[in-house]
Trainee: 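Got a structure for you, questions after.
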Amino acid sequence: MLSVGLTGGIASGKSSVMRLLQEHGAITFSADEAARAILAPNGSVLTQIRQAFGENVLHPDGTLNRSQLASIVFSDPEARQTLNQITHPPILRLLSAQIESVHYELTPQSIVVTEMPLLYEDHLEHWFDRVVVVTSNEAKCLSRLQERNKLTPEQAKQRLQAQLPLQEKTARADIVIENNSDYPALVQATQRLWYTLQGLLAQKSFEI
């Protein structure tokens, strides 16, 4: 089995690469999906968020008002740190349990890809055999963020600057995927990545 961490900058195209790898046959997990799972209404995590940031971060039905919370934490590093301290431990526990639950059911030929936006920020390189970073230039990331999240240019820039600089992530990566062109180009790049991962898996199996 080959365990791969998938990370990169915000709006760089990580989720698209993960979906394409899944189509090729990868077993995939996502920190973003784990985050959504732990934020159930009336759950302990959402209760801690409400206590830390106030009732305004919840909708009337008790679900998380993501845009309201984002407006707080992306303009205040201390608030962002508080949120991370609340959410990261349960997210990582859930991800670890999900991965462990399928570990013994996988064949030796399995490639397991975990999308984790804050992989380097949380110092989780040791979870994986290889780390793949999806990169895109700042202008494209800002444009995608504004369109996808309906943000102003200033809000988009705040979110981009809240993460580890993309140059540092690419410098630490085992493999880098550039996403500066169109979707067909990303499809081709991901196919090449899949062949590379298959080669690494074969090499790992041979060494064992």
Side-chain angles (χ1 to χ4, degrees), residues 1-40 45 83-136 141 162-180 183 185-208:
M1 186 188 81
L2 186 73
S3 178
V4 179
L6 179 65
T7 191
I10 189 169
S12 61
K14 302 180 298 297
S15 297
S16 295
V17 171
M18 185 183 72
R19 286 192 296 269
L20 289 166
L21 288 172
Q22 189 176 43
E23 290 175 8
H24 281 293
I27 309 300
T28 60
F29 297 95
S30 167
D32 287 341
E33 291 178 5
R36 285 190 284 272
I38 67 163
L39 291 171
V45 177
L83 178 64
N84 289 343
Q85 289 171 344
I86 293 171
T87 60
H88 284 199
I91 289 171
L92 296 182
R93 284 196 297 269
L94 178 56
L95 264 181
S96 180
Q98 289 174 334
I99 295 169
E100 183 67 22
S101 70
V102 303
H103 182 79
Y104 296 104
E105 301 174 8
L106 301 178
T107 68
Q109 290 74 39
S110 298
I111 295 176
V112 179
V113 178
T114 304
E115 181 193 7
M116 191 173 287
L118 301 182
L119 186 154
Y120 287 120
E121 289 87 341
D122 286 340
H123 310 289
L124 295 173
E125 300 96 313
H126 64 281
W127 276 30
F128 308 105
D129 297 311
R130 294 290 189 277
V131 174
V132 175
V133 168
V134 182
T135 182
S136 191
C141 289
Q163 294 188 355
L164 196 69
L166 195 50
Q167 295 89 336
E168 184 172 341
K169 292 186 179 186
T170 56
R172 295 165 64 177
D174 297 303
I175 303 169
V176 176
I177 298 294
E178 291 189 359
N179 183 25
N180 287 319
Y183 186 71
L186 184 63
V187 170
Q188 292 182 354
T190 305
Q191 186 171 48
R192 291 193 295 270
L193 170 62
W194 180 247
Y195 293 148
T196 298
L197 296 178
Q198 287 182 312
L200 290 169
L201 176 61
Q203 179 183 343
K204 182 181 179 184
S205 301
F206 178 78
E207 290 172 353
I208 292 174

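It should be emphasised that the depicted structure is a prediction, and the values quoted were computed from it without experimental measurement. Note: hydrogens, waters and symmetry copies are ignored here, and every other heavy atom, side chains too, is used.
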Trainee: Which heavy-atom pair separates Arg130 from Asp174 by the least distance, and what is that distance?
Mentor: CA-OD2, 3.3 Å
Trainee: Using every non-hydrogen atom in the two residues, find where Tyr120 and Glu125 come nearest and quote the distance to one decimal.
Mentor: CD2-OE2, 3.3 Å
Trainee: Check whether Glu115 reaches the backbone of Phe29 with its side chain - one donor and one acceptor, N or O, closer than 3.5 Å.
Mentor: no
Trainee: Sub-3.5 Å donor-acceptor pair from the side chain of Asn179 to the main-chain atoms of Thr135, do we have one?
Mentor: no
Trainee: Side chains of Ile177 and Leu186: does their closest heavy-atom pair fall under 4.5 Å?
Mentor: yes
Trainee: Any side-chain heavy atom of Leu200 sitting closer than 4.5 Å to one from Ile111?
Mentor: no
Trainee: Is the shortest side-chain heavy-atom distance between Leu20 and Tyr183 below 4.5 Å?
Mentor: yes
Trainee: Can you check whether Met116 reaches Leu95 side chain to side chain, under 4.5 Å on heavy atoms?
Mentor: yes
Trainee: Heavy-atom distance under 4.5 Å between the side chains of Leu92 and Leu124, does that happen here?
Mentor: yes
Trainee: So, does Lys14 use its side chain to make a donor-acceptor pair with the main chain of Gly9 at under 3.5 Å?
Mentor: yes
Trainee: Between the side chain of Thr87 and the main-chain N/O of Leu83, is any donor-acceptor distance below 3.5 Å?
Mentor: yes
Trainee: Would the distance check show the side chain of Thr190 and the main-chain N or O of Val17 forming a donor-acceptor pair, the cut-off being under 3.5 Å?
Mentor: no
Trainee: Would you find a donor on one side and an acceptor on the other, under 3.5 Å apart, between the side chain of Ser96 and the backbone of Arg93?
Mentor: no
Trainee: Closest heavy-atom contact between Leu2 and Leu201?
Mentor: N-CD1, 3.7 Å
Trainee: Check Ser3 against Trp127 and note the closest heavy-atom contact, atom names and distance.
Mentor: OG-O, 3.6 Å
Trainee: Can you see which heavy atom on Ala173 is nearest to which on Val176, and at what distance?
Mentor: CB-CG2, 3.9 Å
Trainee: Is it true that the side chains of Ser136 and Glu178 contain a donor and an acceptor less than 3.5 Å apart?
Mentor: no
Trainee: Has Thr7 got a side-chain atom pairing as donor or acceptor with Pro117's backbone, closer than 3.5 angstrom?
Mentor: yes
Trainee: Which pair of non-hydrogen atoms, one from Trp194 and one from His24, has the smallest distance, and what is that distance?
Mentor: CZ2-O, 3.4 Å
Trainee: Check whether any side-chain heavy atom of Ile27 sits under 4.5 Å from a side-chain heavy atom of Leu106, and report yes or no.
Mentor: yes
Trainee: For Arg19 and Ser16, does a side-chain donor sit closer than 3.5 Å to a side-chain acceptor?
Mentor: yes
Trainee: For Asp129, which residues count as a salt bridge (charged side-chain N to carboxylate O under 4.0 Å, His left out) partner, sequence neighbours excluded?
Mentor: Lys204
Trainee: Under 4.5 Å between any side-chain heavy atoms of Arg192 and Leu197, yes or no?
Mentor: no
